[in-house]
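Down below is the structure, laid out as structure tokens.
When a residue number appears, it is its place in the shown sequence, counting from 1.
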Amino acid sequence: MPLISNEKRRRGIYILPNLFTTAALFAGFYAIVQAMNLRFESAAVAIFVAMVLDGLDGRVARLTRTQSAFGAEYDSLSDMVSFGAAPALVVYEWALKDTGKFGWIAAFIYCAGAALRLARFNTNIDVVDKRYFQGLPSPAAAALVAGLVWVVTDLGLAGQDVRWLAGILTIFAGISMVSNVLFWSGKDINLRKSVPFIVVIALVMAFALVSSYPPGVLFALFLAYACSGYVMFVLRLRKSQQQSKPPQTPPGDNAQ
């Protein structure tokens, strides 16, 4: 008897969603190759392309009802390459290589943070609130690092000019991925629901803004997203502290 039945083998792997996952994996690998060839702008753009493809594979699988355990595992391995190893190696080759131990430690913190983030996401996928991510998502962390590389390179500066900023931002992204800070997931948005016309205009303006200067706008957007979780964390902490305080009795209201 075969270890796996023919029926299970036939329906075990779906081509369409895994094609997007493979394309995202290729983009991450391409980013590493371009960084080795000192083409850092191309490497940064490739990471953004991987992020777009990674966002499509899951949606395509749900729309075509081709989800599978194989696809989920393959997607995680692809994410580790595209959003874990690739950004760490790109930023190390770009700015951190000549900073000694600090450089490779910063790159490793990011890489390890991505691995831990993906492992925690896979184990907690059925128990967390779908509206929020626990920790900074690895694609957003990769876009934050790649965005810095892209915008600085576009300005005509070398990675050595901002090596300490690059190291601090890399460590920040790595730690944010394994933190317990909640980040909005956007999964509560219903794309099938009708929206006011002003929303369509806002989307058009957003595309126009991004197209006006992609490196700077994309980096600013993901930096704002990375900071938004901490801002909301502080606001929730202050709100909980105010609710836990006992109400103060105004002077003169005590019963005599």
Side-chain angles (χ1 to χ4, degrees), residues 1-33 46-89 108-146 173-193 222 225 229:
M1 294 294 293
L3 294 177
I4 303 176
S5 65
N6 292 331
E7 180 183 358
K8 289 185 177 180
R9 183 181 291 113
R10 283 195 301 268
R11 61 184 176 87
I13 299 175
Y14 297 99
I15 294 296
L16 187 59
N18 292 309
L19 186 64
F20 284 94
T21 305
T22 303
L25 177 61
F26 172 79
F29 178 77
Y30 180 81
I32 295 174
V33 173
I47 291 175
F48 277 98
V49 172
M51 183 183 65
V52 174
L53 293 170
D54 178 70
L56 290 175
D57 60 359
R59 287 169 174 80
V60 169
R62 288 189 292 271
L63 288 174
T64 58
R65 297 182 180 180
T66 53
Q67 302 100 316
S68 65
F70 174 87
E73 295 298 327
Y74 186 34
D75 182 67
S76 294
L77 294 174
S78 173
D79 288 353
M80 184 57 212
V81 175
S82 300
F83 310 129
L89 291 172
F108 175 74
I109 289 174
Y110 177 91
C111 191
L116 294 171
R117 169 69 176 79
L118 290 168
R120 184 175 65 178
F121 176 80
N122 290 338
T123 55
N124 294 344
I125 191 170
D126 296 325
V127 297
V128 297
D129 191 344
K130 301 296 184 182
R131 298 174 300 171
Y132 300 99
F133 291 120
Q134 185 183 12
L136 184 66
S138 56
L144 186 63
V145 174
I175 294 176
S176 296
M177 282 189 285
V178 296
S179 68
N180 290 323
V181 178
L182 300 179
F183 293 85
W184 181 58
S185 66
K187 294 182 179 179
D188 53 346
I189 298 177
N190 188 358
L191 297 178
R192 299 180 180 178
K193 184 180 179 181
F222 283 101
Y225 179 73

Smallest separation among heavy atoms of Val145 and Pro87, with atom names: CG1-O, 4.0 Å
Tyr74, OH: over 12 other non-hydrogen atoms inside 6.0 angstrom: yes
What is the minimum heavy-atom distance between Arg117 and Gln134, and which atoms define it? NE-O, 3.6 Å
Say whether, by atom type as modelled, one donor and one acceptor occur between the side chain of Thr123 and the main chain of Arg120 under 3.5 angstrom. yes
Answer whether the closest heavy-atom distance between the side chains of Arg59 and Pro17 falls below 4.5 Å. no
Say you draw a straight line from CG of Leu25 to CG of Asp57; how long is it, rounded to the nearest 0.5 Å? 11.5 Å
I'd like to check Tyr30 versus Val49 (side-chain heavy atoms, cut-off strictly below 4.5 Å). Are they in contact? no
Correct closest heavy-atom pair for Ala27 and Ala50 would be CB-CB, 3.7 Å
Does any N or O in the side chain of Ser78 come within less than 3.5 Å of the main-chain N or O of Ala24, such that one atom is a donor and the other an acceptor? no
Give a yes or no answer on whether the side chain of Ser179 reaches the backbone of Ser176 with a donor-acceptor pair at less than 3.5 Å. yes
Closest heavy-atom contact between Tyr110 and Ala141? OH-C, 3.5 Å
As a quick check of understanding, evaluate side-chain contact (heavy atoms from CB on, under 4.5 Å) for Leu53 and Phe26, giving each step before the final call. CA-CA 10 Å; Leu53 293 170; Phe26 172 79; over 6 Å; no
With heavy-atom distances below 4.5 Å as the criterion, would you say the side chains of Ser76 and Asn122 are in contact? yes
Could you state the interatomic distance from CG (Leu19) to CG (Leu56), rounded to the nearest 0.5 Å? 11.0 Å
Are the side chains of Phe222 and Met51 in touch, meaning some heavy atoms are under 4.5 Å apart? yes
I need the Asp54 CG to Thr21 OG1 distance, nearest 0.5 Å. 7.0 Å
If you define the side chain from C-beta out and look only at heavy atoms, does anything of Leu136 sit under 4.5 Å from Val181? no
Tyr225: partners by ring-ring contact (aromatic ring centres under 6.0 Å, His included), with sequence neighbours left out: Phe183
Which pair of non-hydrogen atoms, one from Ser138 and one from Leu118, has the smallest distance, and what is that distance? OG-CD2, 3.8 Å
Value for SG (Cys111) from CG (Leu116), rounded to nearest 0.5 Å, stands at 10.0 Å
